[in-house]
Number of protein chains: 2
Amino acid sequence: MGTTQLDTVPEPKYWHLKTVLAEALDSEFAVGEILPNERELAARFGVARATLRQALEQLELEGRLQRRRGVGTTVAPPRMGVDVSSSETAWPGTGPESWQPTECTAAAPPAAVARLLEIGPDAQTHVVRRVRTSHGQSLAAELLHVPAASVPGLTGIDAPSGPALARTVLRELARLPLDGQDRSVELGSAGAVDAKELDRLPGAPVLVVTTRYFSGGRTAAVSLATYRADTCRLTFGAHGGLEIRHEEEQRRVS
Amino acid sequence: MGTTQLDTVPEPKYWHLKTVLAEALDSEFAVGEILPNERELAARFGVARATLRQALEQLELEGRLQRRRGVGTTVAPPRMGVDVSSSETAWPGTGPESWQPTECTAAAPPAAVARLLEIGPDAQTHVVRRVRTSHGQSLAAELLHVPAASVPGLTGIDAPSGPALARTVLRELARLPLDGQDRSVELGSAGAVDAKELDRLPGAPVLVVTTRYFSGGRTAAVSLATYRADTCRLTFGAHGGLEIRHEEEQRRVS
DNA sequence: TAGTGGTCTAGACCACGGA
DNA sequence: CCGTGGTCTAGACCACTAC
């Protein structure tokens, strides 16, 4: 028979729905435009709201949509390219970066960090909190763990607090010779505090960038930076092509 | 009053559930062990299955669990560190890599790729499919887009097909002088074909690594590699510390 | 065939943002 | 206050795996 057999692999509804919506997004909506609410979209497509939401969830994961409680679902702009390699072989806080220190506390590091720092789980460390912003939007939240042993110049001083202390720690750190660094990227979900800092709900997907800074044959500091996975594309450019350019806004299928 | 007021921010059930499960995973389960099935877990915690699944979903996203239909939910091993920078300034297919070419077709590139290649959307390109495996497990699926203009040596030859053609294209590509390359990482979801190649369901979260290869002032090739986000941690090591080491298997909270 | 996770439904109530 | 997305329920059936 001439009928091309389909349905041998029945496509899930939410998957088909996602495809349809993605095409509509390309052809019928402008960036920033708000979609009809979920109840109406579900009715329009003849599915339950939960099913519709499964499709929206995927599109949000891919950075095509942005959903905000109490507001609505909007068409997201293309992801921002965020350079993560510019500070190649450079201490954090040096250079014209977009990081803003917000806090500094003293604490014992979590087990995973202690392992990376190659220190005991009860060693004192300074924890510097920083936020990276661009165009007024929070891109990433960072916890920089600096063992007290790495910045001996701070032992006597305990005067400043908050951002001031953070800057002092960064300054002391920058006095060490930097031998090199290590980076890794993996998927994670935002904890409660990071989520608030990134203006997202807890559990939002994030790209976790782990950086180890080496000095004098030791690991002098470890940074855990969580980037909003919905809005960021991390670039490791040596050729300035995929950089922070905001690129074309609107595309249409030919 | 001495009562520390909680409940000012009522925690969602699935969030609390996720925390409880994560702790149980650390303290009561070994890697590879299978958990009770979803219906029983839901009953045991007194929640609906959908709610339990929301918690499991998050834990899977974080690489702590692995769920397989018809089998069950198992405790996942720590993520594999996968080096993505070793081929720094090197053509793909050269060196002792773990990539395996599987196919090669001729096609016009999708719009997004055409833009990166700086060619028209209807230019002919070779599309090489490769799979990266480690320890018998599929880690990543790649589509390498090579404009026909980049490998003029192939115009006369059209004899081999499949993997053989793929290797020929890679060989021809390697003859060009490589000026540099560009890399970016972002979150995506696996398409139907990639999902099958990665042994995951469509829509599974992946880390998309986009690489541009430059030669003679032009973009000679573009690679789109999708890494399993649940099992991979991408490393950009200059110091061989976070490399493919499988690391400690089992941890316990002190 | 039995048991697993994956999909889907039709409701309900809650938390948040803006008017 | 109303409308939005976020959470949750108690079911049902389907697709896959292994025995």
Side-chain angles (χ1 to χ4, degrees), chain A residues 7-19 21 32-61 64-76 189-190 192 195-196 199-205 230, chain B residues 6-19 21 33-61 64-76 189-190 192 195-196 199-205 230:
Chain A
D7 302 273
T8 62
V9 178
E11 208 172 40
K13 274 190 187 177
Y14 80 91
W15 185 262
H16 181 246
L17 204 49
K18 173 193 152 186
T19 309
L21 284 170
E33 200 172 343
I34 69 177
L35 272 59
N37 71 56
E38 296 184 349
R39 287 158 180 92
E40 185 186 331
L41 277 179
R44 186 179 300 182
F45 286 104
V47 299
R49 183 155 82 108
T51 305
L52 187 267
R53 277 180 62 81
Q54 210 172 341
L56 294 184
E57 235 157 66
Q58 284 240 350
L59 289 171
E60 191 178 32
L61 202 74
R64 313 266 329 237
L65 290 180
Q66 180 152 6
R67 297 190 286 173
R68 273 173 304 173
R69 171 158 51 181
V71 179
T73 302
T74 63
V75 180
S189 55
K196 184 160 293 183
D199 192 33
R200 299 290 296 162
L201 288 178
D230 56 341
Chain B
L6 293 178
D7 302 274
T8 61
V9 178
E11 208 173 43
K13 275 190 187 177
Y14 80 91
W15 184 263
H16 181 247
L17 203 49
K18 174 193 150 187
T19 309
L21 284 171
E33 201 172 342
I34 71 177
L35 271 59
N37 70 56
E38 296 183 349
R39 288 160 180 89
E40 185 186 331
L41 277 178
R44 187 179 300 185
F45 287 105
V47 299
R49 184 154 81 108
T51 305
L52 172 75
R53 277 180 62 79
Q54 211 172 340
L56 294 183
E57 236 156 66
Q58 285 240 351
L59 289 171
E60 192 179 31
L61 202 75
R64 312 267 329 239
L65 290 181
Q66 181 153 6
R67 296 190 288 173
R68 273 172 305 172
R69 170 157 54 180
V71 180
T73 302
T74 63
V75 180
S189 53
K196 185 161 294 182
D199 192 32
R200 300 291 297 163
L201 289 178
D230 56 342

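Below, chain A is the first sequence line, B the second, and so on; all start at residue 1.
Of the side-chain N and O atoms in B/Thr73, none sit less than 4.0 angstrom from OP1 or OP2 of C/dT4. Phosphate contact (OP1/OP2 of C/dT4, side-chain N/O of B/Asn37, threshold under 4.0 Å): present.
As judged by a 4.0 angstrom heavy-atom cut-off over every strand, B/Leu201 is placed among residues touching the sugar-phosphate backbone only. Within 4.0 Å (heavy atoms only), A/Arg68 reaches sugar-phosphate atoms of the nucleic acid but no base atom. Using a 4.0 Å heavy-atom distance criterion, B/Arg39 is classed as a base contact.
For the atom pair CG of A/Leu61 and CG of B/Leu61, the computed distance is 7.0 Å after rounding to the nearest 0.5 Å. In this structure, CG on B/Leu17 lies 11.0 Å from CD on B/Gln58, to the nearest 0.5 angstrom.
In this structure, B/Arg69 atom CZ and C/dG5 atom P are separated by 12 Å, rounded to whole Å. The CG-C1' distance, from B/Asp230 to C/dG5, rounds to 16 Å in whole Å.
Put simply, the side chain of A/Leu41 does not reach to within 4.5 Å of the side chain of A/Thr73, judged on heavy atoms.
Heavy atoms from other residues, nucleotides or ligands lying under 6.0 Å from CG of B/Asp199 number 12 at most.
Applying the side chain to side chain contact (heavy atoms under 4.5 Å, CB included) criterion to B/Glu38, with sequence neighbours excluded, gives B/Arg49, B/Leu52, B/Arg53, B/Leu56, B/Arg67. Contacts of A/Thr51 classified as side chain to side chain contact (heavy atoms under 4.5 Å, CB included), with partners at least two apart in sequence or in another chain: A/Lys13, A/Tyr14, A/Val47, A/Ala48.
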Protein N or O to nucleotides 8-11 of chain C N or O, pairs below 3.5 Å:
residue, atom, partner, partner atom, Å
C/dC8, OP1, A/Lys13, N, 2.2
C/dC8, OP2, A/Tyr14, N, 3.2
C/dT9, OP1, A/Lys13, NZ, 2.9
C/dT9, OP2, A/Ala48, N, 2.9
C/dT9, OP2, A/Thr51, OG1, 2.4

